[in-house]
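I have placed the structure first, in the form of structure tokens, so that the comments after it can refer back to it.
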Amino acid sequence: MPIWIWFVFIGIIVSAVMSIWTARQERLIDDAWIEKEGQKYIERMEEERERRKKDINQGASLE
């Protein structure tokens, strides 16, 4: 077999490995972003819950 066929074969393997590695890195970045945004959402829900409790308690004290 000519040597250039070996180079093509090695290039295909390297390309496949790099593709898998890049996909994994992107997945990790996406998971971190999703986790961060989810935490922001949970914090907003807790703030809203506290605000509603405060509003209900103030309304009850006025009566």
Side-chain angles (χ1 to χ4, degrees):
M1 274 206 292
I3 195 161
W4 66 269
I5 291 177
W6 286 105
F7 285 126
V8 169
F9 182 69
I10 291 171
I12 291 170
I13 291 174
V14 169
S15 177
V17 169
M18 291 302 292
S19 176
I20 292 168
W21 183 77
T22 302
R24 183 174 183 271
Q25 293 299 319
E26 287 179 356
R27 189 173 353 112
L28 292 174
I29 291 169
D30 287 345
D31 288 347
W33 184 82
I34 290 169
E35 181 71 27
K36 181 177 141 189
E37 292 299 313
Q39 188 61 37
K40 286 180 185 178
Y41 180 74
I42 290 171
E43 289 172 4
R44 281 194 302 253
M45 284 190 339
E46 290 172 352
E47 289 172 1
E48 181 66 20
R49 186 178 297 134
E50 290 298 319
R51 187 186 64 77
R52 287 183 183 190
K53 281 182 184 178
K54 188 184 288 186
D55 288 348
I56 290 172
N57 289 337
Q58 286 179 353
S61 65
L62 294 175
E63 294 177 2

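Index from 1, following the sequence. This is a predicted model, so every value here is computed, not measured.
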Exercise for review: Examine Trp6 and Ile12 and state if one hydrophobic cluster contains both, with Ile, Leu, Val, Met, Phe, Trp and Tyr joined whenever side-chain heavy atoms are less than 4.5 Å apart.
Suggested key: yes
Review point. Would Met1 and Phe7 show up in the same hydrophobic cluster when neighbours are defined by side-chain heavy atoms closer than 4.5 Å?
Key: no
Study note, to complete from the structure: CD (Glu26) and CD1 (Ile29) are apart, to the nearest 0.5 Å, by 7.0 Å
Practice item. May I ask you to decide whether Asp31 forms a salt bridge with Arg27, counting only side-chain N to carboxylate O separations under 4.0 Å? Key: no
Review point. Does Ser19 use its side chain to pair, donor to acceptor, with the backbone of Ser15 at less than 3.5 Å?
Key: no
Point to revise | Cationic N near anionic O, under 4.0 Å, Arg44 to Glu48 | key: no
Exercise for review: Treating Ile, Leu, Val, Met, Phe, Trp and Tyr as nodes and any side-chain heavy-atom pair under 4.5 angstrom as an edge, say whether Val8 and Ile5 lie in one connected cluster.
Suggested key: yes
Practice item. Decide if atom CD of Gln39 counts as having more than 12 heavy atoms of other residues, nucleotides or ligands within a radius under 6.0 Å. Key: yes
Point to revise | Nearest-0.5 Å distance, OH of residue Tyr41 to CD of residue Glu46 | key: 11.5 Å
Exercise for review: Please assess Lys40 against Glu37 for the test salt bridge (charged side-chain N to carboxylate O under 4.0 Å, His left out), listing each intermediate value before the final yes or no.
Suggested key: CA-CA 5 Å; Lys40 286 180 185 178; Glu37 292 299 313; 3.4 Å; yes
Review point. So does Arg51 have more than 12 non-hydrogen atoms from other groups sitting under 6.0 Å from CZ?
Key: yes
Check your understanding: With a cut-off of 6.0 Å (strictly less than), are more than 12 heavy atoms of other residues, nucleotides or ligands near CD1 of Ile3?
Key -> no
